[in-house]
Amino acid sequence: MSLFLRPSFSKGIPNTFLRKKRKWPHSPYKTKWHHLFDQQQAMQNLKQLASSPPPSQIQGKTQNPNKTPYLLSCLVTSFKAYDCEPTTGAYRFLVKTLTQNSQFTELDLVLLHLQNFEKFETPERLFSDLIRIYGDNGMFREAIDLFFRIPKFRCVPTVCSLNSLLSILCRNEEYIQLVPEILTRCRIMNVRIDESSFSILISTLCRIRKVDYAIKLLNSIIDDGFEPDRKVYSLILSSLCKQKATSSSQVIGFLREMKRVKLCLSIVDFCNVIRYLLTKGKNIDAFGILNDMKTEGIKPDITCYTMVLNGVIEEGDFIRAEELFDEILIFGLIPDVNTYNVYINGLCKQDKVEEGYKMIGWMENLGCKPNSETYKIVLEAFCKLREFNRAGEIWREMKLKGAQNLHAYRIMVCALIRRSEIVEAFQLIEEMVNRGFVPSSSTIEEMISVMCKAGFVAEALLMLRKVFDHAIVLQAGAWEALLLGLKLNPGLTNATLANLVNT
DNA sequence: TTAGGGTTAG
């Protein structure tokens with residue numbers, strides 16, 4: 001206050017108004033400043049009161065839910081003390097504090113007070129935030145009621161609060177069904193829906209795998225003159241690609257449609273289409289999409305190339321695979337471990353396993369560390385060619401580098417069994433189980449089946465014992481193989497069996 | 001540069 005008096009004193013003019021009226025002179029500037037200052041003081045006071053527990057709680061009494069909640073009375077008294085009207089900020093503070101403490105009964109009374117006793121226009125933001133909070137707490141009915149009550153708070157609901165409501169309802173299986181009715185009521189209330197609301201609805205339809213409906217809605221809003229953004233199209237495309245029942249003509253058709261409406265297609269869109277085509281075995285079409293990308297001016301990244309390279313190799317088109325690998329390098333892309341794995345697999349498919357093995361050295365020199373899968377590919381290829389000595393060498397290298405994994409163990413165990421090195425195979429199974437590589441039931445089934453066919457029924461039973469120790473559930477196939485093995489080995493006496501099972 | 005997305009074969 002002294003700051004205000006200083007200028008008049010410094011000029012030596014006596015403040016006669018103050019002396020005569022014993023009141024501060026009013027200037028619009030001072031009034032506004034004072035008003036804001038008072039509100040700030042009241043707000044500070046409110047926060048201070050809120051941080052200390054209410055007297056009833058100190059005395060250990062429970063509050064009467066019908067009485068004015070403590071925080072609300074703090075708000076009223078604080079602002080009264082400074083002779084000013086409560087601000088929206090104060091109410092937002094109350095809403096935040098009460099919702100954080102899950103005091104929703106108190107919150108209802110605060111809202112009622114805001115609705116009936118205040119005069120100011122409540123900002124819509126308060127409602128959209130509260131609707132989200134209600135949604136997070138599973139209070140969908142309260143959220144809907146609040147939305148339709150907004151006009152009572154001297155506020156015009158717009159698409160902002162509607163979108164809040166739509167996004168929470170669309171996340172709930174039960175309340176999602178109320179969305180059409182709510183949209184109809186909104187039309188009566190003159191709440192203008194725009195692209196953002198449709199985007200919520202389309203995303204929801206995609207999420208619940210009703211992509212056909214999403215496309216229908218997209219088409220109908222375009223007819224109504226709306227211009228959905230690229231993200232909506234991308235989402236539909238990605239959902240189409242994820243849906244098993246989608247035909248490739250549907251996917252390609254939608255991609256064409258995106259091009260037709262002159263949307264700026266992204267690398268993700270192309271990537272999704274490529275992945276979809278590859279899963280459908282349309283490897284050559286996937287290669288075509290990669291070329292389309294380039295003509296559209298989008299540089300495919302290493303992931304796109306790796307996927308397409310794999311498709312081309314699957315087709316057995318090794319010349320094109322070589323060209324593609326060269327193209328990766330020419331474009332300045334750095335192949336990563338996945339790319340090398342795909343490429344090495346291609347070499348192995350052509351029985352160029354030694355070349356594949358050499359590639360591991362080259363990739364290491366180029367700073368790309370091979371992983372367990374890299375070795376596994378080569379290991380498996382050597383086993384397939386029955387080059388067990390080379391496989392053994394790879395296995396030892398893998399051991400040195402700690403690159404053994406579950407698949408590699410499975411391959412080695414099967415290779416040993418095929419070579420009738422049953423003792424070694426057992427040792428390896430023991431080792432893998434001890435190292436935490438629990439074989440899957442299908443692996444066990446495969447091992448038991450191989451063992452039984454090779455006549456090692458007793459050993460297969462021993463393995464069964466190990467399997468039980470690890471609580472692995474066996475599929476019917478394993479039991480079948482065992483029974484067949486037992487039938488083929490009548491020499492296996494009951495005593496031997498009992499001995500094996502009790503080991 | 002990142003985002004999200006990628007590899008075997010039984």
Side-chain angles (χ1 to χ4, degrees), chain A residues 206 230-231 234-235 237-242 251 264-281 283 286-287 289-290 293 298-316 318 321 324-325 328 332-353 356-357 359-360 363 368-385 391 394 398 403-415 417-418 439-450 453 475 477-478 481:
Chain A
C206 286
R230 195 182 63 82
K231 280 185 193 164
S234 288
L235 183 70
L237 180 70
S238 126
S239 309
L240 268 178
C241 290
K242 277 180 197 151
V251 171
C264 190
L265 291 165
S266 78
I267 189 166
V268 180
D269 298 323
F270 282 108
C271 239
N272 284 334
V273 175
I274 288 175
R275 200 178 323 103
Y276 165 82
L277 291 170
L278 290 172
T279 53
K280 292 277 170 186
N283 300 324
F287 180 76
I289 296 291
L290 186 85
M293 267 178 101
I298 296 169
K299 187 182 165 188
D301 64 6
I302 195 64
T303 308
C304 286
Y305 270 110
T306 307
M307 282 195 291
V308 175
L309 182 67
N310 188 45
V312 167
I313 287 171
E314 218 165 74
E315 281 302 306
F318 301 112
L324 215 50
F325 198 80
I328 291 173
L333 290 168
I334 301 164
D336 62 15
V337 66
N338 296 317
T339 323
Y340 282 114
N341 287 355
V342 168
Y343 185 75
I344 291 171
N345 180 54
L347 290 173
C348 292
K349 270 195 154 189
Q350 300 168 74
D351 292 340
K352 297 177 181 170
V353 191
Y357 177 68
M359 196 80 200
I360 298 181
M363 67 188 272
C368 180
K369 208 178 160 222
N371 60 16
S372 317
E373 297 304 300
T374 322
Y375 285 102
K376 194 221 89 182
I377 294 164
V378 177
L379 179 81
E380 191 161 34
F382 274 129
C383 288
K384 223 177 208 171
L385 292 178
I394 303 292
M398 288 176 81
Q404 295 145 308
N405 63 9
L406 184 65
H407 301 291
Y409 267 108
R410 201 201 68 207
I411 293 161
M412 268 319 269
V413 168
C414 290
I417 292 168
R418 238 177 282 163
S440 67
S441 59
S442 63
T443 309
I444 295 286
E445 186 178 320
E446 187 187 332
M447 286 180 186
I448 290 183
S449 162
V450 171
K453 273 179 198 156
Q475 302 296 313

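Computed over heavy atoms, backbone and side chain alike; hydrogens, waters and symmetry mates excluded. Lettering of chains follows the sequences in order, A, B, ..., and the numbering in each one begins at 1. As the structure is a prediction and not an experimental result, all values here were calculated from the model.
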### Query
NE2 of A:H407 versus P of B:dT7: gap in Å, rounded?
13 Å
### Message
Going by side-chain hydrogen bond (donor to acceptor under 3.5 Å, both in side chains), name the residues that satisfy it together with A:S266, two or more places apart in sequence or in a different chain.
### Response
A:D269
Using a cut-off of under 3.5 Å, enumerate the N/O to N/O pairs linking the protein to nucleotides 3-6 of chain B.
from: B:dG4; atom 1: N2; to: A:V268; atom 2: N; distance (Å): 3.4
from: B:dG5; atom 1: N1; to: A:D301; atom 2: OD2; distance (Å): 2.7
from: B:dG5; atom 1: N1; to: A:T303; atom 2: OG1; distance (Å): 3.1
from: B:dG5; atom 1: N2; to: A:D301; atom 2: OD1; distance (Å): 2.6
from: B:dG5; atom 1: N2; to: A:D301; atom 2: OD2; distance (Å): 2.5
from: B:dG6; atom 1: O6; to: A:D336; atom 2: OD2; distance (Å): 3.4
from: B:dG6; atom 1: O6; to: A:N338; atom 2: ND2; distance (Å): 2.8
from: B:dG6; atom 1: N1; to: A:D336; atom 2: OD1; distance (Å): 3.2
from: B:dG6; atom 1: N1; to: A:D336; atom 2: OD2; distance (Å): 2.5
from: B:dG6; atom 1: N1; to: A:N338; atom 2: ND2; distance (Å): 2.7
from: B:dG6; atom 1: N2; to: A:T306; atom 2: OG1; distance (Å): 2.6
from: B:dG6; atom 1: N2; to: A:D336; atom 2: OD1; distance (Å): 2.7
from: B:dG6; atom 1: N2; to: A:D336; atom 2: OD2; distance (Å): 3.2
from: B:dG6; atom 1: N2; to: A:T339; atom 2: OG1; distance (Å): 3.2

### Query
Quick one: side chain to side chain contact (heavy atoms under 4.5 Å, CB included) partners of A:N283, sequence neighbours excluded?
A:L278, A:E314, A:E315
#### Entry: Distance in angstrom units between A:K369 NZ and B:dT7 P, rounded
21 Å
### Partners passing side chain to side chain contact (heavy atoms under 4.5 Å, CB included) against A:K369 (at least two apart in sequence or in another chain)
none
### Message
What is the separation between atom CD on A:E314 and atom C1' on B:dA9, rounded to the nearest whole Å?
### Response
10 Å
### Query
In whole Å, what is the span from the CG atom of A:L406 to the C1' atom of B:dG10?
13 Å
### More than 12 heavy atoms from other groups under 6.0 Å of OH on A:Y276
yes
### Message
The criterion is side chain to side chain contact (heavy atoms under 4.5 Å, CB included); which residues satisfy it with A:I411, sequence neighbours excluded?
### Response
A:K376, A:L379, A:E380, A:C383
### Message
Regarding A:K384, tell me which of base, sugar-phosphate or nothing describes its non-hydrogen contacts under 4.0 Å with the strands shown.
### Response
sugar-phosphate
### Message
Any N or O donor-acceptor pair under 3.5 Å from the base of B:dT7 to the side chain of A:N341?
### Response
yes
## Note on the structure
The side-chain hydrogen bond (donor to acceptor under 3.5 Å, both in side chains) partners of A:D336 (sequence neighbours excluded) come to A:T339
### Query
Expressed in angstrom and rounded to an integer, what is the separation of A:L309 atom CG from B:dT7 atom C1'?
9 Å
### Query
Whole Å only: how far is the CZ atom of A:F325 from the C1' atom of B:dT7?
13 Å
### Message
What is the distance, to the nearest angstrom, from the CD atom on A:E380 to the C1' atom on B:dG10?
### Response
8 Å
### Task
For A:Y409 and B:dA9, give me the distance from atom OH to atom C1', rounded to whole Å.
20 Å
